[in-house]
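First the structure, in the form of structure tokens, and then the observations on it.
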Protein chains: 4
Amino acid sequence: MPRTAKQFEEIRSERREAILSAALHVFSEEGYHHASISKVSKEAGVSKGLMYNYFQSKEELLELLIGSLLDEETKVVHELMEEKFTADTFIRLVQMGTNILRKNPKKWKLYLNMSSHPSVIPIIQKKFTPERQLFAENLLAFFTAQGYQDPAIQMQYFSITMTGFKFQYIMDPDNFPVFEMETKIIQQFIKEDYVSNRNNKSL
Amino acid sequence: MPRTAKQFEEIRSERREAILSAALHVFSEEGYHHASISKVSKEAGVSKGLMYNYFQSKEELLELLIGSLLDEETKVVHELMEEKFTADTFIRLVQMGTNILRKNPKKWKLYLNMSSHPSVIPIIQKKFTPERQLFAENLLAFFTAQGYQDPAIQMQYFSITMTGFKFQYIMDPDNFPVFEMETKIIQQFIKEDYVSNRNNKSL
Amino acid sequence: MPRTAKQFEEIRSERREAILSAALHVFSEEGYHHASISKVSKEAGVSKGLMYNYFQSKEELLELLIGSLLDEETKVVHELMEEKFTADTFIRLVQMGTNILRKNPKKWKLYLNMSSHPSVIPIIQKKFTPERQLFAENLLAFFTAQGYQDPAIQMQYFSITMTGFKFQYIMDPDNFPVFEMETKIIQQFIKEDYVSNRNNKSL
Amino acid sequence: MPRTAKQFEEIRSERREAILSAALHVFSEEGYHHASISKVSKEAGVSKGLMYNYFQSKEELLELLIGSLLDEETKVVHELMEEKFTADTFIRLVQMGTNILRKNPKKWKLYLNMSSHPSVIPIIQKKFTPERQLFAENLLAFFTAQGYQDPAIQMQYFSITMTGFKFQYIMDPDNFPVFEMETKIIQQFIKEDYVSNRNNKSL
DNA sequence: TATGAATGAGTTTTCATTCAT
DNA sequence: TATGAATGAAAACTCATTCAT
């Protein structure tokens, strides 16, 4: 008697996740190019051939992993969009950014290493949804409201700060002072004493 | 007439440079892993075999390129060390940082892409010389003198800013507002009107 | 209510046909080697595993398809054997040959492509039944009666003509002038005005 | 001391031929798809890797082999074009056709097996040069001059005859009566006693 | 009987490195 | 010193076939 459709679905779903998870681990550990499908399959406890039953290619694995990171970000943006953009929203933006980072350092490592890879660029572009665009405009409006003469510059400056934050965290997660930097960033970009006892919040 | 030893030495030296330069070009264009020695040798106008007369391996090329970037930085540090560390020194630090970046975007691209590569990490560690260590202490002292409560945090914060700056510049050199960001950074970390007509200086 | 044995038998028989038909389609479309069992099973609306309940291997599918083509031919031979071999028989031989071809171009394509395949050769030999042998002798006698000095040569010559006919038809069925060539062949090998308004017959 | 450019050229040329020859042998023996590069390289006495120093891909080998067959044919056509097209030209056309066939049965086997392969079709089209087109027109004119009512049909009929000839020869070179068939064809299409003691010529 | 997940041997291809000259 | 032909190990990927359910 064959398995039911649902059973098959479950098996597929579990295996998919197992493979993606193994791929993430191996890719981030050894770098995408140096990592071999063979190693990923071993890590996933699966035959090499089966990988291709679930995914088209090594590249597709990369694209899905990067895509899922961007989707997580989009979800955060979505949440933040539900309220009026205040200083508090900004704070939560930073906090949620670092939270995502801490929750999935491997994915970020992969992302930062591969973000200029030809097959990743289109993913990034595709995932820059209208919603994210709108959020960016809100952020710009926020900086404008904060009284910056050149809010676009301010926004880019914020962007490089966050990028550097992520890059350095990823390079040495154990020694990087996440909370201190998070607090520092918030102080820098809000310039008020907004920021009290927030270390617990950010967990 | 046989060439003198000196002439030989010159030829060797030129060849070395040609190969390294070709390697840098190809590595940064195609990514280290995807780049082939064959292409590098063609680009350098040298046979594949001869490459191995000059360098041990592909990896060595990478290590030398990264090393030379760090050496350039060290040289800058060395220059800056010759004076007392003032706000002006800090400004020049930032400016020289961006200058190096703009002068050698390929090397930086390679550096940022490969900085977590197993054979690069030891290079970075080795190049963190006592002199750089001393400079770091001076910088820390500078931030202390500027009145920051936690100068170490401030220094790390400065570091992530510079990292993000470099990362984003490398990602899209043509559209990145180098000067505006440079000015912004200086303003942020000095908070004075120190910064006048410096666009020309920074060229 | 359980199905009767006969119903089971019917289902099995239908499935067999469906699979063979799908195999023919896919094999002729993509070429035997490039065609995948997976695609055949999908096309047949049957699971991959079940295919192996009906057939031993991919090769067996090929062999059965080729075999069935030869069987069809044998059937035609059988029909033609029921009468005395006259010029009219010869004409019908040619016509039925082209009819089979037009009725089953895919099978012929497969046949012509695979006729030198190691597993197909024995099939062809096995299907060269005594009956066909006898028919060949009758054909030879016919050519002899037609007054050819060397009827064996004439027969081989007829054979290459039919082969070329099939090959070129298969290569480009839409543009090949089937009827004109059929008429031409008949004229060539009968040399009489035997051949009147036969286009309708051959449909 | 390195080899001279000429020496390298010689090595390359020899190896190229060796590989092409091995490929032809293995492809025609086992069929293009079933043949493996590994086997071709073994047959050529060369490492697998070296194959790719000389050729881009397995497909390129196929294309070159097919192309060279068509080039040989074109050369024959070129020779025949240098004279006025007479019955004698036609005879030599047939003879040279069979000569090419007998000289290179493996190539023809490959050609007939692969002529519908996606990567071969464009080769065939590309090699159908204006010169060949012109020759075809001459042949048509020849048939017209011979008094055929429908010379186009006659030409196509000639074409299928030659195709069938080649196909059957290739299927069983040892038992196929080449000369008899060649003579037969010439007789069929010339219908004169043109054709005397020509077996020696055709060698 | 029926499913499709799973396997593994086989394929083509790449490329850093070596080596004969 | 200099060349590029040659190697071989490893890579990504395919697919007929098996097997647990």
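Predicted, not measured: the structure shown is a model, and the values here were computed from it.
For dT21(F), the paired nucleotide is dA2(E), the pair qualifying as Watson-Crick or G-U wobble because both relevant distances are below 3.5 Å. dC15(F): Watson-Crick or G-U partner is dG8(E), with both key distances under 3.5 Å.
With distances taken from any side-chain atom of Y54(B) to the nucleotides dT17(E), dA2(F), dT7(F), the minimum falls on dA2(F). Looking at the side chain of L50(D), the nearest of the listed nucleotides dA2(F), dA6(F), dA16(F) is dA6(F). Nearest to the side chain of S47(A), among dG8(E), dT3(F), dT7(F), sits dG8(E). Which of dA16(E), dT3(E), dG8(E) sits closest to the side chain of Y52(B) comes down to dA16(E).
OP1 or OP2 of dA6(E) lies within a sub-4.0 Å distance of a side-chain N or O belonging to R15(A). Contact check, N53(A) against dA6(E): no side-chain N or O comes under 4.0 Å of OP1 or OP2.
Contact check on K109(D) versus E29(D) returns no salt bridge, with no Lys/Arg side-chain nitrogen under 4.0 Å from an Asp/Glu carboxylate oxygen.
Between the NE2 atom of H34(C) and the P atom of dT11(E) there is a distance of 16 Å, rounded to whole Å. In this structure, CG of L61(B) is placed 13 Å from C1' of dT17(E), rounded to the nearest angstrom. One can place CD of E10(B) at 16 Å from P of dT1(F), the figure rounded to the nearest angstrom. The interatomic distance linking E30(C) (CD) with dT14(F) (P) rounds to 14 Å, in whole Å. As rounded to whole Å, 15 Å separates atom C1' of dT14(E) from atom OH of Y32(B). Taking atom CG of residue L62(A) and atom P of nucleotide dA12(F), one finds them 13 Å apart after rounding to whole Å. Rounded to an integer number of Å, the gap from M51(D) CE to dA5(F) P is 15 Å. A straight line from CD of E14(A) to P of dA5(E) spans 13 Å, rounded to a whole angstrom.
For the pair K106(D) and Y111(D), the cation-pi criterion (under 6.0 Å, within 45° of the ring axis) is not fulfilled.
Annotation: of the two residues near DNA chain E, S57(D) and H33(B), the 5′-most nearest-nucleotide partner is S57(D). For R3(D) and Q56(D), each mapped to the nucleotide of DNA chain E holding its nearest heavy atom, the one lying further toward the 5' end belongs to Q56(D). Mapping A35(C) and V46(D) onto DNA chain F via the closest heavy atom, the residue that lands nearer the 5' end is V46(D). Of the two residues contacting DNA chain F, namely I37(A) and K48(B), the nearest-nucleotide position lying further toward the 5' end is that of K48(B).
Residue contacts shown for R12(B) are limited to sugar-phosphate atoms, with no base heavy atom under 4.0 Å away.
Considering CD of Q56(C) and CG of L61(C), their distance stands at 10.5 Å, rounded to 0.5 Å.
Aromatic ring centres of H33(A) and H117(A): separated by under 6.0 Å.
Although no hydrogens or angles enter the test, the distance criterion places no donor-acceptor pair under 3.5 Å between the side chain of K127(C) and the main chain of I66(C).
In this structure, a donor-acceptor pair under 3.5 Å is present between the side chains of K107(C) and S68(C).
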